[in-house]
Q: 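Would you mind keeping the following structure in view while I ask a few things?
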Amino acid sequence: MAQIQVTVAGKSYPLACAEGDEERLYKLAAYIDSKTNDLTDKLGHVNETRLILMAAVLIADELHESLEGKGHDGLLGGLTEDDMAAVLNEVAGEVEGIADQLTKA
């Protein structure tokens, strides 16, 4: 298991990931950081927890639009129920891991 440090909203967080997934996790954290920076630019100072929640909602909205395909088959058209369940379980595990890291920070 690899251990990396990511920065979101000006704060550094240690995260564990599978060997070889470091670059992917850095990119994902950088995307979250860009969302928090955009929100801070628009809203000014916001409580850290609220800021990360707002960024998560924006990202979830982007994902929802992508999955809906905006009137097309989108990503959902090619997924079976088992595929969807596997994806949701993986995402849930990732979110729980991040939440655990945030509570320890």
Side-chain angles (χ1 to χ4, degrees):
M1 179 96 8
Q3 184 81 15
I4 65 170
Q5 291 278 47
V6 299
T7 301
V8 174
K11 188 168 181 182
S12 182
Y13 298 95
L15 294 177
C17 63
E19 294 290 337
D21 283 346
E22 297 91 348
E23 190 60 34
R24 179 173 179 252
L25 195 53
Y26 281 126
K27 287 179 183 179
L28 293 171
Y31 187 72
I32 295 167
D33 188 46
S34 74
K35 290 295 183 187
T36 62
N37 290 335
D38 290 346
L39 287 167
T40 300
D41 290 346
K42 291 176 185 172
L43 304 174
H45 177 73
V46 177
N47 169 290
E48 178 184 344
T49 303
R50 187 175 184 98
L51 180 64
I52 292 174
L53 172 63
M54 291 167 66
V57 168
L58 289 174
I59 293 167
D61 183 53
E62 291 173 0
L63 176 61
H64 181 72
E65 286 185 8
S66 177
L67 290 172
E68 283 185 332
K70 297 182 182 178
H72 307 301
D73 285 341
L75 297 175
L76 289 178
L79 296 177
T80 66
E81 286 184 27
D82 288 341
D83 292 337
M84 292 273 298
V87 168
L88 289 174
N89 284 331
E90 184 176 338
V91 170
E94 293 290 329
V95 169
E96 288 172 359
I98 291 169
D100 186 48
Q101 291 292 331
L102 288 174
T103 58
K104 291 179 183 176

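Note that the structure is predicted; figures quoted are calculated from it, not measured.
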Q: Rounded to the nearest 0.5 Å, how far apart are CD1 of Ile52 and CD1 of Ile98?
A: 9.5 Å
Q: Following the transitive rule for hydrophobic clusters with a side-chain heavy-atom cut-off under 4.5 Å over Ile, Leu, Val, Met, Phe, Trp and Tyr, establish whether Ile59 and Leu15 coincide in one cluster.
A: yes
Q: Over all heavy atoms of both residues, which pair between Ala29 and Val8 is shortest? Give the atoms and the distance, please.
A: O-CG2, 3.9 Å
Q: Can you tell me how far the NZ atom of Lys42 sits from the CE atom of Met54, to the nearest 0.5 Å?
A: 9.5 Å
Q: Closest heavy-atom contact between Glu19 and Ala2?
A: OE2-N, 3.5 Å
Q: Identify the heavy atoms of Ala9 and Leu51 that sit nearest to each other, and give their distance.
A: CB-CD2, 3.8 Å
Q: Which pair of non-hydrogen atoms, one from Ala16 and one from Met1, has the smallest distance, and what is that distance?
A: CB-SD, 3.7 Å
Q: With a 3.5 Å distance limit and no angle check, can you tell me whether Asn37 reaches the backbone of Asp33 through a side-chain donor-acceptor pair?
A: yes
Q: Do you reckon Tyr31 sits in the same ILVMFWY cluster as Tyr13, going by side-chain contacts under 4.5 Å, direct or chained?
A: yes
Q: Could you give the distance from CZ (Arg24) to NZ (Lys27), rounded to the nearest 0.5 Å?
A: 10.5 Å
Q: Could I get the full list of side-chain contact (heavy atoms from CB on, under 4.5 Å) partners for Leu58, not counting sequence neighbours?
A: Leu39
Q: Can you name the residues that form a salt bridge (Lys or Arg N to Asp or Glu O under 4.0 Å) with Glu22, not counting sequence neighbours?
A: none
Q: Hey, any chance Ile4 and Leu28 share a hydrophobic cluster, counting ILVMFWY side chains that come within less than 4.5 Å of each other, even indirectly?
A: no
